[in-house]
**Q** 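This is the structure I want to talk about, given as structure tokens.
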Protein chains: 2
Amino acid sequence: MDRRQQKTRAAIFSAFSALLSRKRYDKITVQDIIDEANVGRTTFYAHFQTKDDLLKETCTDIFEHVISGSLMMEGSHDFSLSGGSPQAVLTHILYHLRDSKKNIIGILSCESGDLFLQYFKTYLNRLLSQWIPQPQQPPLSGVPREFLIDHVSGSFVNMVQWWIRNNLRQAPEELSGYFWAVTGPILEGQPSNIQSL
Amino acid sequence: MDRRQQKTRAAIFSAFSALLSRKRYDKITVQDIIDEANVGRTTFYAHFQTKDDLLKETCTDIFEHVISGSLMMEGSHDFSLSGGSPQAVLTHILYHLRDSKKNIIGILSCESGDLFLQYFKTYLNRLLSQWIPQPQQPPLSGVPREFLIDHVSGSFVNMVQWWIRNNLRQAPEELSGYFWAVTGPILEGQPSNIQSL
DNA sequence: TATGTTATCATACATATTGTTCTATATTGA
DNA sequence: TCAATATAGAACAATATGTATGATAACATA
């Protein structure tokens, strides 16, 4: 790939991200993007087929980075814990979200944030499906594992939304504590009050 | 209000709902809507300022109906339980969603479902804020009440999405049971294992 | 450095969507 | 019956999309 292409791509991603923090996704025009990025119309369409395409690539780029940056890759396409506990990994992800140079929070804060969080959740589902066992005891024993996985990743994404609405007032560790308080029994496999019988 | 206006409004709502089950919201044009509804362009704009306006009114219409249909209204703008337990009310809401003549599931199933569920969550937040007490005991005692409310309503909406993705395979009662399994400790106020101190 | 390749820009263009304005017609409520 | 008004249809300016063209500049390589 040409140096020019890399530069252009970066300029477009950056312009797109900047626009998203000011405008709703579906109100952003291609003209807005190419003006902000200082690239020609033809150039934009040489890199991305449509605006939706740009969106999709942006999401993949960001979340693949966030999650794999908090984990070690193993095998061809699976994630696994890199020694840390689930709690530590989740805290790490929160730090990543907050401190990324890519202005992730800016993107998630925008009026189209839901769109991105949907992609985010897809990644989390893959991640969590490795951590969550089929529970053996009530009250969770009758609940399908897929439901629990979806519930936990949905809760995480929901928490991030809440965090952003509150201007990131909580420290990642604190937030991680909240998350543990509401999902601990699921992630631990079982609540700590194992009352045999 | 004129009979004609009522009829026109109904035709537009119906056409919009039908289109949503085939097409993504932002790919639907005003032309599509007025063709499907068999109304003139002028007429559409006499009823709704923009397409977004139509969306908003559609959501308000649906969710106000779903929630108030499962509750008794009380006071000016607050909800309260109509005798039933939270569990019973939630089950009722699930029935409502599934069996409504307004094809709610059709709308929520569409590619823009997230958009609607966002509105749904707003209503649920109002509802749940009346049921959820500030917890007094670990592990929930240090967690802000607003977080818990948002977590529970987010989990409900998330569950509905999951339900739809699975083609409504579970009965509302069964689903309600899952929900209780993962949020019970919060809705009950405290987990049942009250270990004083 | 010289050279062929290719990414870029600016412009123009056909097409499609939006929201407004106008007039004529049809329906309504009294 | 009749005045009020909701509607349809068409035309319209303004804006957005995606494509095509030719000229220019930056690149990789030898």
Side-chain angles (χ1 to χ4, degrees), chain A residues 1-61 107 110-116 119, chain B residues 1-61 107 110-116 119:
Chain A
M1 168 146 15
D2 216 300
R3 274 189 220 167
R4 287 170 291 178
Q5 282 176 298
Q6 290 180 25
K7 198 175 159 187
T8 302
R9 268 185 86 85
I12 292 176
F13 276 130
S14 164
F16 184 50
S17 160
L19 283 166
L20 275 169
S21 60
R22 311 202 287 269
K23 244 181 177 179
R24 219 175 69 182
Y25 170 71
D26 58 283
K27 298 298 175 197
I28 295 173
T29 67
V30 174
Q31 195 63 48
D32 291 334
I33 299 170
I34 65 184
D35 286 349
E36 180 88 17
N38 272 311
V39 298
R41 190 165 199 72
T42 324
T43 309
F44 176 86
Y45 283 107
H47 284 270
F48 305 97
Q49 294 203 313
T50 64
K51 212 178 58 181
D52 280 4
D53 199 39
L54 170 59
L55 171 68
K56 198 175 169 185
E57 288 208 37
T58 304
C59 291
T60 304
D61 194 48
I107 291 179
C110 79
E111 293 186 75
S112 312
D114 289 353
L115 220 56
F116 301 96
Y119 285 92
Chain B
M1 168 145 16
D2 215 300
R3 275 188 220 165
R4 288 170 290 181
Q5 284 175 298
Q6 290 181 26
K7 198 174 158 188
T8 302
R9 268 185 86 85
I12 292 176
F13 276 131
S14 162
F16 184 51
S17 161
L19 283 166
L20 275 170
S21 59
R22 309 202 287 268
K23 244 181 176 178
R24 219 175 69 182
Y25 171 72
D26 59 283
K27 297 298 177 197
I28 295 174
T29 67
V30 175
Q31 195 63 48
D32 291 334
I33 299 169
I34 64 185
D35 284 348
E36 180 88 16
N38 271 312
V39 299
R41 190 165 198 74
T42 326
T43 310
F44 176 86
Y45 283 106
H47 285 270
F48 305 97
Q49 295 203 313
T50 63
K51 210 178 58 181
D52 280 4
D53 199 38
L54 170 60
L55 171 67
K56 198 175 169 185
E57 288 208 37
T58 304
C59 290
T60 305
D61 194 47
I107 291 179
C110 78
E111 293 186 76
S112 313
D114 289 353
L115 220 56
F116 300 96
Y119 284 92

**Q** Starting at atom CD of B:Q49, determine the distance to atom C1' of C:dT20, rounded to an integer number of angstrom.
**A** 13 Å

**Q** Could you walk me through whether B:D61 and B:T58 pass the side chain to side chain donor-acceptor pair (under 3.5 Å) test, one step at a time?
**A** CA-CA 5 Å; B:D61 194 47; B:T58 304; over 6 Å; no

**Q** Taking CD from B:Q31 and P from D:dA8, how many angstroms apart are they, rounded to a whole number?
**A** 13 Å

**Q** Quick one: does any side-chain atom of B:D32 pair with a main-chain N or O of B:I28 as donor and acceptor, under 3.5 Å?
**A** no

**Q** Check the distance between D:dT19's P and A:F48's CZ and give it to me in whole angstrom.
**A** 15 Å

**Q** What nucleic acid atoms does B:N38 come within less than 4.0 Å of, heavy atoms only: base, sugar-phosphate, or nothing?
**A** sugar-phosphate

**Q** Between D:dT7, D:dG18, C:dT18, spot the one nearest the side chain of A:Y45, thanks.
**A** D:dG18

**Q** Report the distance from atom CD1 of B:I33 to atom C1' of D:dA8, rounded to the nearest whole Å.
**A** 18 Å

**Q** Could you check how far CG of A:D26 sits from C1' of D:dT15, rounded to whole Å?
**A** 15 Å

**Q** Between D:dA25, C:dT28, D:dA16, which nucleotide has the shortest distance from any of its atoms to the side chain of A:T29?
**A** D:dA16

**Q** Distance check: side-chain N/O of B:T8 vs OP1/OP2 of D:dT7, anything under 4.0 Å?
**A** yes

**Q** Assign A:D32 to base, sugar-phosphate, or nothing according to its heavy-atom contacts below 4.0 angstrom with the strands shown.
**A** nothing

**Q** Rounded to whole angstrom units, what separation is found between the CZ atom of A:F44 and the P atom of C:dA7?
**A** 17 Å

**Q** Kindly say whether A:A10 contributes a backbone atom to a donor-acceptor pair with the side chain of A:S14 at under 3.5 angstrom?
**A** no

**Q** Establish, with yes or no, whether the OP1 or OP2 oxygen of D:dA28 is under 4.0 angstrom from a side-chain nitrogen or oxygen of A:R3.
**A** yes

**Q** Taking side chain as C-beta onward, heavy atoms only, is B:H47 less than 4.5 Å from B:T43?
**A** yes

**Q** Nearest nucleotide by nearest heavy atom, which residue falls closer to the 5' end of DNA chain C, A:R41 or A:Q6?
**A** A:Q6

**Q** Would you indicate, yes or no, if D:dA6 has its OP1 or OP2 atom less than 4.0 angstrom from a side-chain nitrogen or oxygen of B:H47?
**A** no

**Q** If you go through the side-chain atoms of B:R4, does one of them form a donor-acceptor pair with the base of C:dT28 closer than 3.5 Å?
**A** no

**Q** State whether the side chain of A:S17 and the backbone N or O of A:F13 hold a donor-acceptor pair below 3.5 Å, judged by distance alone.
**A** no

**Q** Please tell me if B:T43 has a side-chain N or O lying less than 4.0 Å from either OP1 or OP2 of D:dA8.
**A** yes

**Q** Please report the distance, rounded to the nearest Å, between NZ in A:K51 and C1' in C:dT17.
**A** 13 Å

**Q** Just to be sure I understand the rule, does A:T42 reach a base, reach only the sugar-phosphate, or reach nothing, if contact means heavy atoms closer than 4.0 Å?
**A** base

**Q** Between atom CD1 in A:I34 and atom P in C:dT8, what is the gap in whole Å?
**A** 13 Å

